[in-house]
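A short worksheet on the structure shown next.
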Protein chains: 2
Amino acid sequence: MRILIVEDEVGISNFLKQGLEEENYAVDVEENGKSGLELALSGEYDLLLLDWMLPGISGIELTRQFRVSFPDTPIIFLTAKDTVDETVFGLQSGANDYIKKPFHFEELLERIRVQLRNRSKENESLTLGPIRLIPQSFQVFKNSEEIPLTQKEFALLEFLIRNKNKVCRRTRIIESVWDIHFEYNTGVIDVFINSLRKKLNLQKDEDYIQTIRGVGYMAKEL
Amino acid sequence: MRILIVEDEVGISNFLKQGLEEENYAVDVEENGKSGLELALSGEYDLLLLDWMLPGISGIELTRQFRVSFPDTPIIFLTAKDTVDETVFGLQSGANDYIKKPFHFEELLERIRVQLRNRSKENESLTLGPIRLIPQSFQVFKNSEEIPLTQKEFALLEFLIRNKNKVCRRTRIIESVWDIHFEYNTGVIDVFINSLRKKLNLQKDEDYIQTIRGVGYMAKEL
DNA sequence: TTTATTCCATGCGAATTCTAATTGTAGAAG
DNA sequence: CTTCTACAATTAGAATTCGCATGGAATAAA
């Protein structure tokens with residue numbers, strides 16, 4: 001998980017960076033509000049830690065502009081201010097949480113975890129009958145037995161399942177899985193379909209990967 | 001973090017639910033002991049808040065039955081009783097902490113944090129077969145024999161074990177262990193994997209660090 | 001400086017991907 | 001129903017890619 005810290009007090013940011021890195025987050029630090037916003041807009045980050053007061057532009061303004069492009073990335077404010085009004089103002093501007101300085105590092109960690117847990121649709125899995133494909137961990141199961149697949153086999157199966165119950169033309173498959181965008185007449189697809197069916201050990205009554213003659217293939221829920 | 005409150009006094013449970021949700025916990029409330037147990041056994045929750053006296057079955061009995069399936073989920077009792085005997089009895093039945101009514105919400109929050117923190121630390125018994133990795137002391141053991149590792153070796157192994165049984169893409173590894181966020185094609189990972197396998201002296205039948213060709217590596221429990 | 005760690009460059013070997021030739025089959029045409 | 005044709009399935013092996021191991025260079029630490 002990647003976290004961007006925008007904080008002008010080097011002491012704090014170093015402390016945070018070090019601590020968060022020990023927790024396996026990848027951390028970048030930016031001191032200036034303006035360049036912080038630019039970095040944030042790169043879309044590289046899963047969470048922002050913003051100081052309330054920043055040189056350049058304020059954390060609130062940064063949040064407001066950032067939210068236009070990234071409505072879902074969690075933002076946590078680090079703030080010395082504790083008046084209700086300003087806190088409300090901050091949260092209204094699009095932040096998800098705030099923490100008052102000085103704070104315990106553990107408490108910050110917890111808030112970060114909460115935000116990231118809510119946001120990450122963690123184990124998104126694609127299914128096709130007894131077959132379960134997990135894109136993130138690059139694993140395929142059939143009846144909870146793991147099936148080792150090669151890269152291309154995996155990519156092909158993923159494409160088919162994502163287009164479940166839709167016929168996939170050979171040209172579409174070649175485009176998406178092989179990234180070939182011109183007319184290309186080849187037998188690769190057949191070969192990989194073949195090895196997929198083999199590895200998945202599909203029986204006669206398990207016609208999950210169907211051939212559409214003259215067109216392509218279809219992953220079909222039975 | 002998901003919390004289940006089992007409490008028959010609606011006033012208290014509403015108060016708790018609202019407060020905890022403001023702290024970004026996901027909260028469910030159940031009034032009845034029996035149905036509370038059923039809900040708890042769904043395994044959806046990271047922590048239980050139980051009233052001592054409940055309609056249906058008592059908090060103690062709930063705890064006892066719940067512990068069979070979930071020995072690690074923290075349980076905090078809310079109790080009006082304050083005799084030492086009964087408290088001891090409650091803790092022996094498998095609760096982790098208790099708090100006497102009436103209580104300050106902040107205090108409850110603190111106890112919840114402590115429990116969740118302890119859990120997440122304890123559950124980080126980072127093991128992989130005979131390999132045990134202790135993040136705090138920066139040590140790695142194999143069969144209680146210490147294996148000296150360098151920083152990067154340690155970081156890499158830690159990352160792999162934290163993602164045990166999941167394939168780690170090279171890009172993720174580079175991101176998390178080396179903190180490099182752009183496309184970077186290099187052989188470093190291979191080199192360190194190599195030295196890890198060497199230092200850990202993995203035999204043929206100890207395929208704990210598996211290569212997923214074209215994708216990355218996976219720490220796998222055999 | 002010396003020493004240890006991290007990283008780079010290389011060739012080899014092995015797994016994957018692809019080509020191509022053969023065999024099998026569905027469906028149309030007769 | 002039989003034959004024919006076009007397409008799909010299967011297989012072997014060629015081509016390619018990728019990971020492994022190694023030695024040593026660059027960098028950081030002592």
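Owing to the predicted nature of the structure, the values given are computational and were not obtained by experimental measurement. Naming: A, B, ... by sequence-line order, numbering from 1 per chain.
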Q.
Given the structure, check if the side chain of A/Arg197 and the base of D/dA9 hold any donor-acceptor pair shorter than 3.5 Å.
A. no
Taking atom [atom1] of [X] and atom [atom2] of [Y], what is their separation to the nearest 0.5 Å?
X        : Y       : atom1 : atom2 : value
A/Glu30  : A/Asp8  : CD    : CG    : 11.0 Å
B/Ile112 : B/Met1  : CD1   : CE    : 11.5 Å
A/Ile75  : A/Ile60 : CD1   : CD1   : 11.5 Å

**Q.** A/Ile76, A/Val27, A/Val6 screened by side chain to side chain contact (heavy atoms under 4.5 Å, CB included) with A/Leu49, the one that passes
**A.** A/Ile76
Q | Residue whose nearest DNA chain C nucleotide is more 5′ - A/Leu149 or A/Val191 | A | A/Leu149
Q) Base, sugar-phosphate, or nothing for B/Gly214, non-hydrogen atoms under 4.0 angstrom? A) sugar-phosphate
Q) Under 4.0 Å: is that the gap between some side-chain N or O of B/Lys198 and OP1 or OP2 of D/dT22? A) yes
Q | Contact under 4.0 Å: A/Asn194 side-chain N or O vs D/dT10 OP1/OP2 | A | yes
Q. Taking any atom under 4.0 angstrom from a heavy atom of chain B, which nucleotides of DNA chain C are the first and last to qualify, 5' to 3'?
A. C/dT5 to C/dT16
(Q) Of the listed nucleotides (D/dT10, D/dG19, D/dC7), which one gets closest to any side-chain atom of B/Tyr217? (A) D/dG19
Q: For the pair B/Asp46 and B/Tyr25, evaluate side chain to side chain donor-acceptor pair (under 3.5 Å) and give the outcome as yes or no after the intermediate values.
A: CA-CA 10 Å; B/Asp46 301 296; B/Tyr25 294 106; over 6 Å; no
Q: Start with the C-alpha distance between A/Met218 and A/Leu160, add both sets of side-chain angles, then the distance that settles side chain to side chain contact (heavy atoms under 4.5 Å, CB included), and finish with yes or no.
A: CA-CA 7 Å; A/Met218 167 166 61; A/Leu160 290 176; over 6 Å; no
